[in-house]
There are 2 protein chains.
Amino acid sequence: MTISADLLTRCPLFDGISPEDLPGMLACLGARSMRADKGSVILREGSPAKDVGILLSGCVQLIRTDFAGNRTIMMSITPVKLFAESFSCSKAGLLPVDVIASEESDYLLIDCRRIMTACTHACSFHSRIIFNLLQIVADKNLALHQRALITAGRSTREKLMTYLLIQAKEANNARFSIPFDRQGLADYLEVDRSGLCAEMSKLKKEGVLDYYKSDFRLLNLPMQDTIE
Amino acid sequence: MTISADLLTRCPLFDGISPEDLPGMLACLGARSMRADKGSVILREGSPAKDVGILLSGCVQLIRTDFAGNRTIMMSITPVKLFAESFSCSKAGLLPVDVIASEESDYLLIDCRRIMTACTHACSFHSRIIFNLLQIVADKNLALHQRALITAGRSTREKLMTYLLIQAKEANNARFSIPFDRQGLADYLEVDRSGLCAEMSKLKKEGVLDYYKSDFRLLNLPMQDTIE
DNA sequence: CCTCCTGCGTTGAAAATTCAACGGAAATTC
DNA sequence: GAATTTCCGTTGAATTTTCAACGCAGGAGG
């Protein structure tokens with residue numbers, strides 16, 4: 001895949017870096033270009049965490065399966081975001097999750113040490129990159145807090161509505177799409193799939209919600225409601 | 001409270017900083033010494049996140065209460081650890097949780113900008129501090145992943161046992177104490193308190209577990225089992 | 001020493017989730 | 001284009017959790 005500079009400027013790791021400096025910087029960081037088929041494992045739980053991933057296209061998910069077989073989706077990553085960076089920055093050094101491509105995906109891998117330690121060329125933007133990385137890891141932290149707020153609901157309906165309201169708020173629109181199929185959503189909310197389907201149907205009958213596949217619309221919401 | 005240098009050298013933010021440099025560094029960072037009574041709110045959800053907290057004594061917890069009244073304990077902080085640092089480093093800028101002293105506590109507050117931007121004295125340890133901060137935020141990330149693994153269990157028993165096994169592993173001992181009372185543990189595991197008590201009693205009857213107040217002991221565990 | 005309050009364990013009934021199974025629709029594969 | 005696989009929605013029974021309430025022990029405070 002040819003990496004467009006436009007794509008990378010939208011990556012939060014390179015905030016404040018001018019586009020013309022990007023190619024040299026990528027070379028300096030030793031970025032490797034990768035591709036993953038849909039459903040394939042990009043990084044395996046328990047393996048050493050050394051790299052920072054940058055998702056260029058597709059979609060990847062952080063998934064943990066416990067000994068009882070419960071599958072949990074911790075987070076869904078969309079372009080042009082980082083993944084696995086928190087694990088590579090931490091002391092632990094082992095991945096607590098599988099990183100899986102839920103769609104065919106292109107991504108870069110960068111050895112985290114190349115980011116965290118000053119490069120041989122003493123490039124002037126390095127401190128900015130580290131600053132950006134700190135902010136990104138902190139933002140991931142916030143996302144995990146938000147997910148915990150969702151799963152803290154004591155019923156399927158409560159979890160689902162909390163999730164959907166947050167999505168609508170982030171999209172700033174009563175219509176929005178989600179990066180999950182039904183099973184994926186159930187695994188993200190930590191509920192049973194069939195129970196989730198049943199609750200969704202109920203909400204549709206009640207006129208609270210409308211949906212088709214992964215496109216949703218919240219009704220009776222004090223918010224703009226536009227189609228594109 | 002007099003701040004002993006020994007205490008601060010155990011704070012991960014100052015890893016790699018020599019003890020004699022600490023007092024000057026604290027002054028440079030503008031650290032303010034604070035005290036909180038048991039049960040009092042140190043930082044309020046929704047207020048601007050600007051400071052990094054360093055807990056010197058006592059215990060603080062990150063607590064979120066949703067609109068339905070469900071109380072969730074996201075994390076319990078013990079000395080000499082940081083708190084609220086992730087929120088102050090993130091773009092969001094607002095606290096997603098209440099920070100509450102579960103015991104009478106002493107702590108320091110440091111304006112996060114003083115840490116993240118080079119100080120006027122251009123102190124040579126600043127980059128080390130930022131590096132440490134990145135690692136700490138990443139470690140918090142890991143802790144949240146671990147908590148999610150616990151709450152992913154589909155039953156009270158599963159959540160409880162996952163939690164206790166992790167505690168025993170971290171203590172490297174089948175005997176250990178936890179920083180929660182029953183209600184607190186229930187709020188951390190996201191289960192009902194009475195159901196938790198019932199499950200604990202059952203496990204005790206079954207000979208899997210023994211406990212008194214907040215002291216626990218896992219039986220039949222392939223692990224050393226010593227009384228201090 | 002007595003009273004008040006908090007935390008803990010128990011119980012029973014109501015409600016919700018989980019689990020297994022099935023049919024249909026849509027997408028994928030050959 | 002036909003077969004196959006995957007995804008989705010539904011249902012009913014079994015299992016759990018939730019919720020409200022109560023008694024008791026221990027500590028705090030007057």
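- Proximity of a side-chain donor or acceptor of R154(B) to a complementary backbone N or O of A152(B) within less than 3.5 Å is detected.
- A 4.5 Å side-chain heavy-atom check between T65(A) and N70(A) finds every atom pair outside the cut-off.
- Figure legend: cation-pi geometry between R217(B) and F176(B) absent, as NZ or CZ is not positioned both under 6.0 Å from the six-membered ring centre and within 45° of its axis.
- Each of E190(A) and Y212(A) was matched to the nucleotide of DNA chain C holding its nearest heavy atom; the match closer to the 5' end belongs to E190(A).
- Side-chain atoms of R193(B) and base atoms of dG9(C) include a donor and an acceptor less than 3.5 Å apart.
- In terms of phosphate contacts, R154(B) brings no side-chain nitrogen or oxygen within less than 4.0 Å of OP1 or OP2 of dT17(C).
- Nucleic acid contact class of Y211(A) (heavy atoms, under 4.0 Å, all strands): sugar-phosphate only.
- Evaluation of atom-type donor-acceptor distances gives no pair under 3.5 Å for the side chain of S194(B) against the base of dC8(C).
- Counting non-hydrogen atoms under 4.0 angstrom, D192(A) reaches a base of the nucleic acid.
- Look at NZ on K204(A): it is 13 Å from P on dC8(D), rounded to the nearest Å.
- The side chain of T156(B) contributes an N or O atom lying less than 4.0 Å from OP1 or OP2 of dT17(D).
- No side-chain heavy atom of Y107(B) sits less than 4.5 Å from a side-chain heavy atom of R35(B).
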